[in-house]
Undergrad: 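Below is a structure I'd like to ask you about.
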Amino acid sequence: QSATMSEESVRQFLIQSRGFFKSKGITCLMNYLSNTNFGAEGGQLLAMMETNMMRLSSIMDGIIVLLYVEREQTIKRLMFVLKMRGSWHSNSIFEYEIKSNGINFGEKLLK
């Protein structure tokens with residue numbers, strides 16, 4: 001339904017949902033599909049981060065970013081933890097693969 005809601009309405013819905021789930025002690029996972037997942041150019045790995053456009057960082061305790069980047073004429077899947085409130089986390093970017101037996105994480109991406 002978010003396709004018909006304004007950005008502020010979606011943000012208010014997320015704030016209310018988060019408050020409800022937290023009050024019940026429920027861990028809630030949400031996903032947000034950004035149209036910039038394929039936006040990285042040249043040597044950069046991150047395109048414009050849309051989490052700031054809706055000010056999601058202030059709402060969520062954790063943000064894990066999954067993105068696709070073209071390197072050497074192949075698409076690579078990358079993952080990093082942008083934010084994890086109250087917890088130390090690596091700032092590194094990791095490549096991952098989805099296989100029949102689950103997700104396999106590769107080495108830290110160096111370049």
Side-chain angles (χ1 to χ4, degrees):
Q1 179 174 352
S2 65
T4 61
M5 296 171 66
S6 73
E7 189 175 284
E8 187 56 31
S9 295
V10 171
R11 186 176 192 291
Q12 290 304 317
F13 173 77
L14 291 174
I15 290 171
Q16 291 174 1
S17 297
R18 178 186 179 272
F20 172 78
F21 288 125
K22 266 196 145 173
S23 72
K24 302 292 183 188
I26 298 171
T27 298
C28 179
L29 297 175
M30 298 181 187
N31 63 19
Y32 176 71
L33 180 61
S34 166
N35 62 1
T36 60
N37 279 357
F38 288 98
E41 298 176 5
Q44 81 182 74
L45 291 175
L46 301 178
M48 182 182 79
M49 295 300 299
E50 285 195 19
T51 56
N52 287 333
M53 291 175 68
M54 288 181 57
R55 303 178 317 273
L56 293 178
S57 183
S58 64
I59 300 171
M60 302 300 160
D61 290 331
I63 298 175
I64 299 171
V65 178
L66 306 174
L67 59 136
Y68 301 101
V69 176
E70 183 270 327
R71 293 292 184 265
E72 300 169 3
Q73 298 180 348
T74 61
I75 300 294
K76 298 192 181 281
R77 291 181 174 103
L78 303 178
M79 173 272 192
F80 66 96
V81 177
L82 182 64
K83 170 189 176 177
M84 195 60 62
R85 193 184 316 263
S87 174
W88 178 90
H89 62 276
S90 172
N91 291 325
S92 297
I93 299 171
F94 294 91
E95 188 172 350
Y96 70 95
E97 295 179 310
I98 301 173
K99 304 260 184 163
S100 61
N101 62 342
I103 298 175
N104 295 329
F105 288 94
E107 296 294 317
K108 178 171 53 169
L109 193 69
L110 298 175
K111 206 169 194 185

Undergrad: Tell me whether F20 is reachable from F13 by hopping between hydrophobic residues (I, L, V, M, F, W, Y) whose side-chain heavy atoms are closer than 4.5 Å.
TA: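 No, F13 does not connect to F20 through the hydrophobic network.
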
Undergrad: Yes or no on side chain to side chain contact (heavy atoms under 4.5 Å, CB included) for M79 and V65, after CA distance, side-chain angles and deciding distance?
TA: CA-CA 6 Å; M79 173 272 192; V65 178; over 6 Å; no

Undergrad: With rounding to the nearest 0.5 Å, note down the distance linking CZ in F21 to OG1 in T27.
TA: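 F21 CZ to T27 OG1: 10.5 Å, rounded to 0.5 Å.
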
Undergrad: Please name all residues satisfying salt bridge (charged side-chain N to carboxylate O under 4.0 Å, His left out) with K83, sequence neighbours left out, ordered by chain then number.
TA: none

Undergrad: M30 versus M60: any side-chain heavy-atom pair under 4.5 Å?
TA: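 M30 reaches M60 side chain to side chain.
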
Undergrad: Taking the side chain as C-beta and beyond, is there a heavy-atom pair between F80 and L67 under 4.5 Å?
TA: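 Touching, per the 4.5 Å side-chain cut-off.
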
Undergrad: Please table the atom pairs, donor to acceptor, closer than 3.5 Å between any side-chain atom in residues 90-104 and protein atoms at least two apart or in another chain.
TA:
unit_1 : atom_1 : unit_2 : atom_2 : d
S90    : OG     : S92    : N      : 3.0
S90    : OG     : S92    : OG     : 3.3

Undergrad: With side chain to side chain donor-acceptor pair (under 3.5 Å) as the rule and sequence neighbours excluded, what pairs involving residues 12-22 come up?
TA: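 Every side chain to side chain donor-acceptor pair (under 3.5 Å) pair that includes a residue of residues 12-22, provided the two are not neighbours, is E8-Q12, R18-D61, K22-D61.
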
Undergrad: Are K76 and Y68 side-chain neighbours, meaning at least one heavy-atom pair lies under 4.5 Å?
TA: no

Undergrad: With no hydrogens and no angle check, is any side-chain donor or acceptor of S87 less than 3.5 Å from a backbone partner on M84?
TA: no

